[in-house]
Amino acid sequence: MSDKLVRVRFAPSPTGYLHVGGARTALFNWLYARHHNGTFILRIEDTDRTRYREDALQDLMDGLRWLGLEWDEGPEVGGDYGPYFQSQRLALYQEYAQKLVKEGHAYQCYCSPERLAALRQSQRGGDQTGYDRRCRTLTARERADYEAQGIVPVIRLAVPLEGQTSFHDVIHGDTIVENSTLDDIVLLKSDGYPTYHLANVVDDHLMAISHILRADEWLPSVPRHVLLYRAFGWEIPVYAHLPVILSPTGKGKLSKRHGGVAVRDFRREGYLPEAMVNFLARLGWSYDDKTEFFTRQELIAKFDLEGVNRSPAAFSYDKLDWMNGFYIRQLGLDDLAQRLLPFLIGVGLPADLTTVRRIAPLVQERLKRLAEVVEWTDFFFSAELDYDPQLLIGKKMTAAQSLAVLSRARETLARLSAFDEGALEPALRALAEEMGLKAGQLLGVIRVAVTGKEVAPPLFGTLAILGREKVLQRLDKAVELLREMSSGPVIAQ
RNA sequence: GGCGCAUUCGUCUAGCGGCCUAGGACACCGCCCUCUCAAGGCGGAGAUCGGGGGUUCAAAUCCCCCAUGCGCUACCA
């Protein structure tokens, strides 16, 4: 590819768990980098000490790695443009902020938080918003006075009072704003930390970022950033603002209320990373009028900013489930078993890989999420079944019939020479016919007796895996339950 | 309030002036298959393209206005 060097970054704040929205932003950046043979950078924007969370960084990296979004530069991998933590670049921001002050593009502001709050209060409802620029015209003497009082100033950008600022966005096109609607944003806080605006611009330039792909919510701050780039005399990167992800109802942001939102939640539920990547890629991006499934390689080959949508997209758990089910069905049986095992063990079932591997084909096309394997197959591993004996009475059958069915089935299965599917199926079908029952009636009763459920994996395979001993034992138990029931008080139907 | 962004089936979307009596996918409904549940196959319903004006022989597609939704308006990102 003959593009100019593509360097993109995902720049999250370590303030919480990696959110699917963030993951989508990271994915688009990663895809763009891979598509253009560029560099994908992970930069940690930890400039807000009040919201910083210790475990957030690890969760972030775990989530990205789980999704297969490896970064070329950043935490744990290094790179030539480090450090990649903004908290380790403080001197840099201070230096650049001072430079702006010296050149008249920024100024010290000594206004107290109280005054600013009061200002906002008084502006409520009015046309005038933002900082009133009181400190912009301070004399050297006034500044000295404040300094003498020990007030530590913030540094604000001196936005041009007149004129317009325009910028281009690959996805949204051109936007023009009146400078008069922009206020003098804080660049450097009084604690010496930079705000997002300063740190972001300085780092993007210093790290030679060529394209900025980030969430739509940043669009309004672009004019200020453009002004900053100009003040520094730096080249403005290419902007591409991605549509936000909405809740399934399409109203408002995606929140916990609707289900999992953290990548780790999806992982815990048993969504496959490849399905997540495919699904997330299609949220706000499309390739043509029919393709839904993309392998990672296809995504890299086909992903392009031109296919990115302008409008927000609602997150659909239904579609994700469908897609995840599809990916589960594509898995090789050994692979599937490997992935299933931790979910079983995780809930304390004594599962082993060999058994899970045998079970895998029985549940593969039934699973939407790996975690569902527990409810589908727990009876394979539990010592005792716990179910409502009433379930043993089949549809359109009496308790006496069910009892007869179980006894006869027990005899048949006990006599069977080989206890495998090939032998089980004809034997049981023959029995059903002999007893004048539909196969479904017979199998239904056995299913409950052996699995404790009305809905379970295909029965012949299930019996074979369970093994003769366990099957006969459970059949005996069921007969017992049925006898207890009929000898007890009569239950009205 | 100000500024900005967005607006095609419930949802994800195709569409970039005539191929659109708007296509695909999820979800939904029906039928087939079937030991339950799934998976799969077939079919169905579902959008007068937010509303109103233009431009044009012709508009979902171009222009203007309005409405609605969302975002920003912090010494948070």
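Each chain gets a letter, A, B and so on, in the order the sequences are listed, and its residues count up from 1.
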Does B:C62 have a Watson-Crick or wobble partner in any strand here, with both distances under 3.5 angstrom, and which is it?
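Looking at the geometry, B:C62 pairs with B:G54.
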Using Watson-Crick or G-U wobble geometry with both distances under 3.5 Å, which nucleotide pairs with B:C5?
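Matched B:C5 with B:G69 under the 3.5 Å cut-off.
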Classify A:Pro361 by what it touches in the nucleic acid, base, sugar-phosphate, or nothing, heavy-atom distance under 4.0 Å.
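A:Pro361: no heavy atom of the nucleic acid under 4.0 Å.
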What is the distance, rounded to the nearest whole Å, between atom [atom1] of [X] and atom [atom2] of [N]?
X        : N     : atom1 : atom2 : answer
A:Glu217 : B:A77 : CD    : P     : 13 Å
A:Arg282 : B:A14 : CZ    : P     : 8 Å
A:Leu246 : B:U13 : CG    : P     : 10 Å

Just list the side-chain donor-acceptor pairs under 3.5 Å for residues 305-312 of chain A, sequence neighbours left out, or say none.
residue  : atom : partner  : partner atom : Å
A:Arg310 : NH1  : A:Ile171 : O            : 3.3

Under 3.5 Å between N/O atoms: give me all the protein pairs with nucleotides 28-36 of chain B, atom names plus distance.
residue : atom : partner  : partner atom : Å
B:C35   : OP1  : A:Arg429 : NH1          : 3.3
B:C35   : OP1  : A:Arg429 : NH2          : 2.7
B:C35   : O2   : A:Arg447 : NH2          : 2.2
B:C35   : N3   : A:Leu459 : N            : 3.2
B:U36   : O4'  : A:Arg447 : NH1          : 3.4
B:U36   : O2'  : A:Glu454 : O            : 3.4
B:U36   : O2   : A:Ala456 : N            : 2.8
B:U36   : O2   : A:Ala456 : O            : 2.9
B:U36   : N3   : A:Ala456 : O            : 2.6
B:U36   : O4   : A:Pro458 : N            : 3.3

Integer angstrom distance from the [atom1] of [N] to that of [M]:
N     : M     : atom1 : answer
B:G24 : B:G44 : P     : 10 Å
B:A25 : B:G51 : P     : 26 Å
B:A22 : B:U61 : C1'   : 12 Å

Is [X] salt-bridged to [Y], cutoff N-O under 4.0 Å?
X        : Y        : answer
A:Arg339 : A:Glu274 : yes
A:Glu269 : A:Lys368 : no
A:Asp132 : A:Arg115 : yes
A:Arg366 : A:Glu372 : no
A:Glu425 : A:Arg429 : yes

The criterion is salt bridge (Lys or Arg N to Asp or Glu O under 4.0 Å); which residues satisfy it with [X], sequence neighbours excluded?
X        : answer
A:Arg134 : none
A:Arg143 : none
A:Asp203 : A:Arg43, A:Arg89

Could you write out each protein N or O paired with an N or O of nucleotides 18-23 of chain B at a distance under 3.5 Å?
residue : atom : partner  : partner atom : Å
B:G23   : N2   : A:Asp289 : O            : 3.3

Any protein N or O atoms within reach of nucleotides 73-75 of chain B? Criterion: under 3.5 Å, listing atom names and distances.
residue : atom : partner  : partner atom : Å
B:C75   : O2   : A:Ser190 : N            : 2.7
B:C75   : O2   : A:Ser190 : OG           : 2.8
B:C75   : N3   : A:Ser190 : OG           : 3.0
B:C75   : N4   : A:Cys111 : O            : 3.4

Give me, pair by pair, the N or O atoms of the protein and of nucleotides 41-51 of chain B that are less than 3.5 Å apart, along with how far apart they are.
none

Between side-chain atoms of residues 155-164 of chain A and protein atoms elsewhere (two or more places apart, or another chain), which donor-acceptor pairs fall under 3.5 Å?
residue  : atom : partner  : partner atom : Å
A:Arg156 : NH1  : A:Asp184 : O            : 2.8
A:Gln164 : NE2  : A:Glu178 : OE2          : 2.8

Dump the intermediate steps for salt bridge (Lys or Arg N to Asp or Glu O under 4.0 Å) on A:Lys453 and A:Glu375, then the final yes or no.
CA-CA 10 Å; A:Lys453 304 168 196 289; A:Glu375 56 205 63; over 6 Å; no
Please list, chain by chain and in numerical order, all residues satisfying ring pair (Phe, Tyr, Trp, His ring centres under 6.0 Å) with A:Tyr239, sequence neighbours excluded.
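A:Tyr239 satisfies ring pair (Phe, Tyr, Trp, His ring centres under 6.0 Å) with A:His241 only.
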Distance-only donor-acceptor hits, side chain of residues 437-448 of chain A, under 3.5 Å, sequence neighbours excluded:
residue  : atom : partner  : partner atom : Å
A:Gln441 : OE1  : A:Lys438 : N            : 3.0
A:Gln441 : NE2  : A:Lys395 : O            : 3.4

Taking it one step at a time, do A:Tyr196 and A:Trp218 satisfy ring pair (Phe, Tyr, Trp, His ring centres under 6.0 Å)?
CA-CA 11 Å; A:Tyr196 172 84; A:Trp218 292 109; 3.8 Å; yes
Between A:Ser402 and A:Leu392, is there a donor-acceptor pair closer than 3.5 Å when you use the side chain of the first and the backbone of the second?
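Yes, the answer is positive, given that a donor and an acceptor are paired below the 3.5 Å cut-off.
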Sub-3.5 Å donor-acceptor pair from the side chain of A:Asp420 to the main-chain atoms of A:Ala464, do we have one?
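Not at all, since once roles are kept as given, no pair shorter than 3.5 Å links the two residues.
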Among the nucleotides B:C26, B:U11, B:C3, which one has an atom lying closest to any side-chain atom of A:Ala314?
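Ranking B:C26, B:U11, B:C3 by closest atom to the A:Ala314 side chain puts B:U11 first.
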Can you tabulate the close N/O pairs, meaning under 3.5 Å, that link protein atoms to atoms of nucleotides 4-10 of chain B?
residue : atom : partner  : partner atom : Å
B:C5    : OP1  : A:Thr175 : OG1          : 3.3
B:C5    : O3'  : A:His172 : ND1          : 3.1
B:A6    : OP1  : A:His172 : ND1          : 3.3

Answer yes or no: does a side-chain N or O of A:Thr47 lie under 4.0 Å from OP1 or OP2 of B:A77?
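Yes.
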